[in-house]
Amino acid sequence: MALEKVYEPQQFEPHWAKWWVEEGLFVASTDGSKPPFSLVVPPPNVTGALHMGHMYEIAQIDITMRWRRMQGYNVLWLPGTDHASIATEMLVARQLRDQGIEPRDIGREKFLEHAWAWKEKYGGTIVNQFKRIGASCDWTRERFTMDAGLSRAVREAFVRLYEKGLIYRGEYLINWCPGCGTAVSDLEVVYSEQQGHLWHIRYPVTGSDEHVVVATTRPETMLGDTAIAVNPKDERYRHLWNKTVTLPLVGRQLVVIRDELADPEFGTGVVKVTPAHDPNDFEAGKRHDLEFITVMDEQARMNEKAGEFAGLDRFEARKQIVKRLNDQGLIEKIEDYTNNIGSCQRCKSIVEPRVSTQWFIRTKPLAEPSIKAVETGEIEIIPDQRRRNYFEWMRNIRDWCISRQLWWGHRIPAWYCADCGEVIVTREDPASCGKCGGEKIEQDQDVLDTWFSSGLWPFSTMGWPDETEDLKLFYPTSLLNTGFDILFFWVARMIMLGIEMAGDVPFRQVYIHGLVRDADKQKMSKTKGNVIDPIEMTDKYGTDAVRFALVVAAGQGSDVVLSEERIAGGRTFANKIWNAARFIFLSLEKSGADPWSPEDPDGFVPEAATGNGRPSLEDRWMFSRLNEVAGLVNSHIEKYRYHEAANLLYHFFWHEFCDWYVELKKLSFREDSGLTPEWKNMLAAMERALRLLHPVMPFITEELWQRLTTGATGRPRSIALSTYPSEDPTLTDKEAERQVELLREIIAALRNLRAEMGIPPKTQLEGICYGHRAEVAEVVTEQAAAVSRLANVKLTAQSGAAPQGKAMHHGKDFDLQLELPAEETKTLRERLAKQLKPLEKARDSSQRQLGNEQFLSKAPPHVVASIRKKLADYESQIKRIRETLSSLQ
RNA sequence: GGGCGGUUAGCUCAGUUGGUUAGAGCGCCUGCCUUACAAGCAGGAGGCCACUGGUUCGAGUCCAGUACCGCCCACCA
């Protein structure tokens, strides 16, 4: 029964983590008897390590879910399972190569076998890690597998879009990653500035001695030039119109086209046109019907079209070409130049524009209703500012390239007939060509972009395209809680596909949280080496501590700055809770009573104290506060102000429950008293406080709650299944709150006096409190024991003002007089003078305001009245302090 | 180039709808091993709320501009 002196979360956290999942505490019942609350959870990145960002996300999500569950909702998590195709493919390929196996040699089937084995092993590890950091959902309840349920949904979605003409196959210049060997979407390309050069190259004008100078940052692509362009408004080059120039090193004749592509202000105003290797040139090439010459292969090596440079890597080719040009005197000059280089998000290789045939989704028709859904508030994006980014992106959306040249992923459900060339897109694998009946058909080798299947997540996981009970009850889901980084990748696509496929928005609210940064505000990343490992921190400080530190540190939508000190701070809070409980249990044992909790914890009101008609002041106060705090916490979590909820709970528990309630309660502890009403009140208060804290500190509250409620009949199996306290305004006890406030003021003033006068804590003093209100004397008399214990002063009460020169402290409602062992007038004078300053400042400002006609006529009456009241208080205090000061002369 | 955010105590950050002595954690100073907790207790110091103007009876809070920091998107041969 007895608790250890120091809180050791390792002893119970793993137990509860396992238990919650095994008991299925957070699996929806789907019986429809309770309001549904479903939540889409971002996929853990199975290919990477668990990081603080995950932990932060899980903490917020878990708080929401526990809170909703305790409020009686029928909750459902839709935990994502990462299946990032490129990342998985890369990792598996790397693993195979480490074993000396070249993926290309073993073929698709074998490769996928390896991938599955790896996925199972590694994925399981990640899922276990998620459990350890406190995620209460069952991550093993996978509603998704690559080859089962989702596969069907993916195919259904693809076919529907195809049949509606929203998916097409076409030849375009796409972003090609030579490292991954696949096409990537615009979003998967990250740009960074790099130092490079701008080469000015002379292209001889055919049939004259003249040459034109073109500037390029990529000389190696010149082998694919099929034109040069000048701006039609650029008079300098009018004479070139209709002429041709000779492409150096190759000898091809290039027409001179007139096109806006050439900016007269940039470089020489003449630009080479390489339609197969540059997006702008590609467009120009289509406008002018130019030839598209691809000079590189899929590994970005120069191909046979590159003539003598064939086989060279693109960067080596650049060097060689520049050298050859230089030898021929065709380099006019070389400038230093900073350009933006696009790299692959995954493998960091420099992306190469490449002409190829790919599958695309026509996004404009999908974007329109998606924009509308957010505009009309059908989907709420929180915080609000993020809406702008969303609109901006959606309105300028470009078609989405969804095919990937990988093995790991959902295969595109398209077949090609070798006989007639027919393209067959169907739900079932076809046996023959529907057009010519030929049996030589072959499925497209490509797989889908991982975000295509991810975009179906909110409904595919619920059994779509079947009309399941889950879908009826839980779709649209209530909330998506995620980071800004995948707003476009994932959120936007879920919205587009949700509206199109499932006929309704995928979620009602999107809460976007900030990033987790280190103490130097740097984004945590492995390459920077500033990663705080959540598992390590969890081992060291406990899951509750890490979660609390994360949640309390960030305002709505802003970043979290995390340091180990903060996490240590979370642990001190847990330790505080632990020790408060420990003390209660120890004292209870001394009282000879067993742990007890009320049958109806929510209906419990404090019982009258022994030998008294009403509950003690501290009990009335505590239950009033518990009630108010419940109201505030509920409102904070509702509005995603997690940090405010956490902060409030921290202060309430530490500085009200422990510092004052427990301290005051100590006075009523008696050995072998048995289970007195005072004890019942305290145990019920503790029980309620634990429930309030539970979403934020799940493990420690579960452990303590289980101990506290042992033996209670009819209690739920877990605190997570109990109810969350809510506010009942009729239970607020303003009188008790006011009186405890007064008591705290008096004790604080006495402690302050003692400290500043340098009186040792053990010296007991006698004192008189002169109350200006009847209530003061009442409180002082009734709480004399409390004052004695908490300030070590035997205080008696008198009414009215203190006799001239007797008081040493002047409060708003009372004066205090202390019997000091020695004369301390100097210290006392300094003390009083110090107090005078801010009071005078406040009085002046109040006077200024009340002297202002405008203020009196325009400010609301209650504000004017409150200033008047304050001014009177200030003046009264100042007057009394002055009197005492002058008598101390 | 377009857009968004930030600037409050030594550090990291809160501060709901404008309401008057601006808060917390950590750090710092003083005193305490007080029959839960030294991961603790009591007390204390420390702020022209970036700058300039405006709106208002009243501005950390609303508006405009300036400076610095950060992020996102787009483009640049």
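None of these values were measured; they are calculated from a predicted model. Naming convention: chains lettered A, B, ... in sequence-line order (proteins, then strands); numbering from 1 in each chain.
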Report task. Answer yes or no: is there a donor N or O on one side and an acceptor on the other, between the side chain of N752(A) and the main chain of A748(A), under 3.5 Å? Result -> no

Query - Counterpart base for rC41(B), defined by Watson-Crick or G-U wobble contacts under 3.5 Å - result: rG31(B)

**Report entry** Within 6.0 Å of NZ in K794(A), more than 12 heavy atoms from elsewhere
**Finding:** no

Report task. Rounded to whole angstrom, note down the C1' distance from rC29(B) over to rC72(B). Result -> 45 Å

Requested in this report: Just call it for W199(A): base, sugar-phosphate, or nothing, with non-hydrogen atoms closer than 4.0 Å on any strand.
Outcome: nothing

Report task. Quote, to the nearest angstrom, the P distance that separates rG44(B) from rC49(B). Result -> 24 Å

Query raised in the report: Taking for each residue the nucleotide of RNA chain B bearing the nearest heavy atom, is the 5' side occupied by V6(A) or by R751(A)?
Result: V6(A)

Query raised in the report: Roughly how far apart, to the nearest Å, are rU61(B) and rG23(B) at atom C1'?
Result: 15 Å

Requested in this report: For rU55(B) and rA64(B), measure between their C1' atoms and round to the nearest Å.
Outcome: 11 Å

Query raised in the report: Is the closest side-chain donor-acceptor distance between E564(A) and Y541(A) under 3.5 Å?
Result: yes

Query raised in the report: On a whole-Å scale, what distance lies between the C1' atoms belonging to rG25(B) and rA9(B)?
Result: 12 Å

Query raised in the report: How far does the P atom of rG27(B) sit from the matching atom of rU35(B), given to the nearest Å?
Result: 25 Å

Query raised in the report: When you compare rU12(B) with rA74(B), how far apart are their C1' atoms, in angstrom units rounded to a whole number?
Result: 34 Å

Query raised in the report: Considering Watson-Crick and G-U wobble pairs with both distances under 3.5 Å, what does rG65(B) pair with?
Result: rC51(B)

Query - Residue whose nearest RNA chain B nucleotide is more 5′ - Y650(A) or I747(A) - result: Y650(A)

Query - Inter-nucleotide C1' distance (rG47(B), rA22(B)), Å rounded - result: 8 Å

